[in-house]
Amino acid sequence: MDKISIIVPCYNEQEAIPIFYDAIMKTAAEMPEARLEVLFVNDGSKDASLSEMKRLAEQDDHVKYVSFSRNFGKEAAMYAGLSYADGDYVAIMDVDLQDPPKFLGEMYRTLETGEYDCVAARRTDRAGERRIRSFFSAMFYKVINKISKIEFVEGARDYRLMTRKMRDAVLKMGEYNRFSKGLFSWVGFRTKWLSYHNVERAAGETKWSFGKLLRYSLDGILGFSTLPLSLSSYGGIFFCGAAFLTILFLVVRYLIWHDPVQGWTTLMCAMLLISGVQLLCVGILGQYLARIYLEVKNRPVYLLKETDEEETENEG
Ligand code: UDP
Ligand code: MG
């Protein structure tokens, strides 16, 4: 019988965990052809999430947990989950039931045919979300798909079921700045997309502030495209050309009219514009440099405090 490991990142989700467990047990009853195992990843929760996980793990041996030493973020939680998941198929699912467990059966049957390596979910609308957030999110997908070689599917969730082969491939990418939506696409393999209408959270509240989302989207863009760097060098070429023409013009004008003092306004405008553009380009460089710095330090993506799993794999 196939085993499906379901990775569930949790950060301050004490209300959602029992609700999730009940829902997943219902799903498990509906698909007796596979053995479902839930792997909770406690991402440094400050509430009673960990004790909820422990309680469930004690009463049901289909439940396992790993717990971080602090909050490392959902990306780190997914990475840890992938390294500990040992099922024939591996799923990633939010604990707030925004990723409907009822799709698991369909996902599993699709993978079983061997035609696909991954079935992922995308929401077709964003009902219940603030307009401005949806607007920026749509912008993000437009921009990143233009400038990156790999495909980012709009509305894609992290919710997916994949084969062990694909899980191994994703794990091979041990980078520190993780942007899973990109990594899953980068590894290739055949992915089928399931569309569904947005579901609102079952309990608790979202952990994503607007600022956090903005930084996350920047991670995506910088992690999967070097176009900003090229743009700044194109900008440099453009300004060199413009400078050459201006110098030519000024010299000729001086030789003909002997009129060196005029043009203070032009001078100021040019100075301000060019110093602005220079700072912008240095800033772009800095953004990449900062990421290289973090990557080079080679710090672990996460650190465990405790788990009921055998600690066979390396951390981070
Ligand atoms: N999460 C996490 N670490 C974090 C933030 C979130 O593990 O630092 C988990 C969270 O518990 C949930 C999932 O990631 O299971 C998605 O988070 P959330 O529902 O807040 O995001 P949204 O659905 O609003 O995008
Ligand atoms: Mg959610």
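Just follow the structure's listing: the first ligand is 1, and inside any ligand the first atom is 1. Note that these values count all heavy atoms, side chains included, but never hydrogens, waters or copies made by symmetry.
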List the atom pairs, with distances to 0.1 Å, where a side-chain N or O of residues 230-250 and a protein N or O form a donor-acceptor pair under 3.5 Å, not counting sequence neighbours.
residue	atom	partner	partner atom	Å
Ser230	OG	Thr226	O	3.3
Ser232	OG	Pro228	O	3.4
Ser232	OG	Leu229	O	2.8
Ser233	OG	Leu229	O	3.4
Ser233	OG	Ser230	O	2.9
Thr246	OG1	Ala242	O	2.6

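A salt bridge does not link Asp94 to Arg201: none of the charged side-chain nitrogens sits closer than 4.0 Å to a carboxylate oxygen.
Checking Phe224, Trp186, Tyr141 one by one against Phe152, the ring-ring contact (aromatic ring centres under 6.0 Å, His included) holds for a single residue, Phe224. Of the options Glu33, Glu30, Glu115, a salt bridge (Lys or Arg N to Asp or Glu O under 4.0 Å) to Arg109 is made by Glu33 and by none of the others.
Criterion: ILVMFWY side-chain heavy atoms under 4.5 Å apart, direct or through other members. Under it, Val41 and Leu50 are not part of a common hydrophobic cluster.
Among the atoms of Asp94, none of the N, O or S atoms falls under 2.8 Å from the Mg ion (ligand 2). Backbone or side-chain N, O or S atoms of Thr206 do not reach the Mg ion (ligand 2) at under 2.8 Å.
Protein residues with any heavy atom under 4.0 Å from ligand 1: Pro9, Cys10, Tyr11, Glu13, Asp43, Asn71, Gly73, Lys74, Asp94, Val95, Asp96, Gln98, Arg157, Arg201, Thr206, Lys207, Trp208.
Residue Thr27 comes nearest to Lys102 through the heavy atom pair OG1-N, 4.4 Å, listed as atom of the first residue, atom of the second, then distance.
A side-chain donor-acceptor contact under 3.5 Å links Glu75 and Tyr216.
Asp96 has its closest N, O or S atom to the Mg ion (ligand 2) at the position named OD2.
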